[in-house]
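Numbers for residues simply follow the sequence, beginning at 1. These numbers were taken from a predicted model, which means no experiment stands behind them.
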Amino acid sequence: MSYRVGDGRAIRFPLRPFLGIMGVAVAGDRPVHSVPPGPHGGNLDIRHLGVGARLYLPVQVPDALFYVGDPHFAQGDGEVALTAFEAPLRALLRLTVHADDGARTLARTLTAPWAGTDSLHIVAGLDPDLGAAMRAATRNAIAFLGDRYGLPPAVALAYLSAAGDFAVSQVVDQVVGVHCCLRRADLATLTSPPPPAPPAPPGHGGR
């Protein structure tokens with residue numbers, strides 16, 4: 001994409017189309033504001049959720065009532081000017097219901113939606129306060145690594161500090177978003193959580 005400055009020069013940047021809003025209906029009788037994101041999804045504005053990405057949302061009402069909107073041709077992390085490169089998109093989406101116990105447990109554990117691409121796991125944190133959103137993303141990433149890879153919290157935290165990439169999704173939707181990107185390649189050898197330790201033989205317990 002070429003953006004004209006006005007004095008004959010141009011700024012060039014790549015297009016990365018994605019939908020800023022993807023969500024499901026919230027249980028309850030109260031109207032829900034369309035701007036702040038939440039555990040239901042909504043206006044997440046995570047720029048990685050483009051072609052081939054997968055977003056996981058906890059279903060709260062019958063039929064889920066999934067909705068989309070806010071198409072972008074490109075957006076930087078933060079979306080600091082309120083809008084990015086907004087433009088119409090024609091998107092093809094596939095909806096899958098994950099009814100297995102693992103998906104249900106993770107959805108109950110995390111406080112925000114999570115996502116994935118071919119190379120990344122993406123775990124979010126949401127809060128009106130940026131610092132609290134960062135802490136929520138960290139806690140959710142630790143919980144994700146424990147659930148999916150069996151990492152103890154201390155090991156997960158050390159890994160996140162050394163190799164997890166945290167970024168501000170957006171600061172303009174009343175509820176701020178932070179997302180953590182975890183490289184699948186880093187975790188490829190951790191194919192599944194380790195089996196539980198066998199019980200100690202009789203007479204060999206600790207004191």
task = Indicate, with yes or no, if V59 and Y56 share a hydrophobic cluster defined by side-chain heavy-atom contacts under 4.5 Å among Ile, Leu, Val, Met, Phe, Trp and Tyr.
result = no
query = Are V178 and L82 connected in the hydrophobic side-chain network, where two residues link if heavy atoms are under 4.5 Å apart?
reply =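 Linked within one cluster.
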Once rounded to the nearest 0.5 Å, what's the spacing between atom [atom1] of [X] and atom [atom2] of [Y]?
X    : Y    : atom1 : atom2 : result
L182 : L120 : CG    : CG    : 8.0 Å
W114 : R148 : CH2   : CZ    : 6.0 Å
L106 : D100 : CG    : CG    : 10.0 Å
D45  : S169 : CG    : OG    : 8.0 Å

Is the shortest heavy-atom distance from the side chain of [X] to the side chain of [Y] under 4.5 Å?
X    : Y    : answer
L160 : I142 : yes
M22  : L93  : yes
R16  : H48  : yes

message = Between H179 (side chain only) and G177 (backbone N and O only), is there a donor and an acceptor less than 3.5 Å apart?
response = no
request  = Check step by step if salt bridge (Lys or Arg N to Asp or Glu O under 4.0 Å) holds for R183 and D165.
outcome  = CA-CA 9 Å; R183 289 178 294 274; D165 290 326; 3.2 Å; yes
Check: residues 128-140 side-chain donor-acceptor pairs under 3.5 Å, at least two apart:
unit_1: D129; atom_1: OD2; unit_2: G131; atom_2: N; d: 3.0
unit_1: D129; atom_1: OD2; unit_2: A132; atom_2: N; d: 2.8
unit_1: T138; atom_1: OG1; unit_2: M134; atom_2: O; d: 2.9
unit_1: N140; atom_1: OD1; unit_2: T111; atom_2: N; d: 3.2
unit_1: N140; atom_1: OD1; unit_2: T111; atom_2: OG1; d: 3.4
unit_1: N140; atom_1: ND2; unit_2: T111; atom_2: OG1; d: 3.0
unit_1: N140; atom_1: ND2; unit_2: A124; atom_2: O; d: 2.9
unit_1: N140; atom_1: ND2; unit_2: A136; atom_2: O; d: 3.3

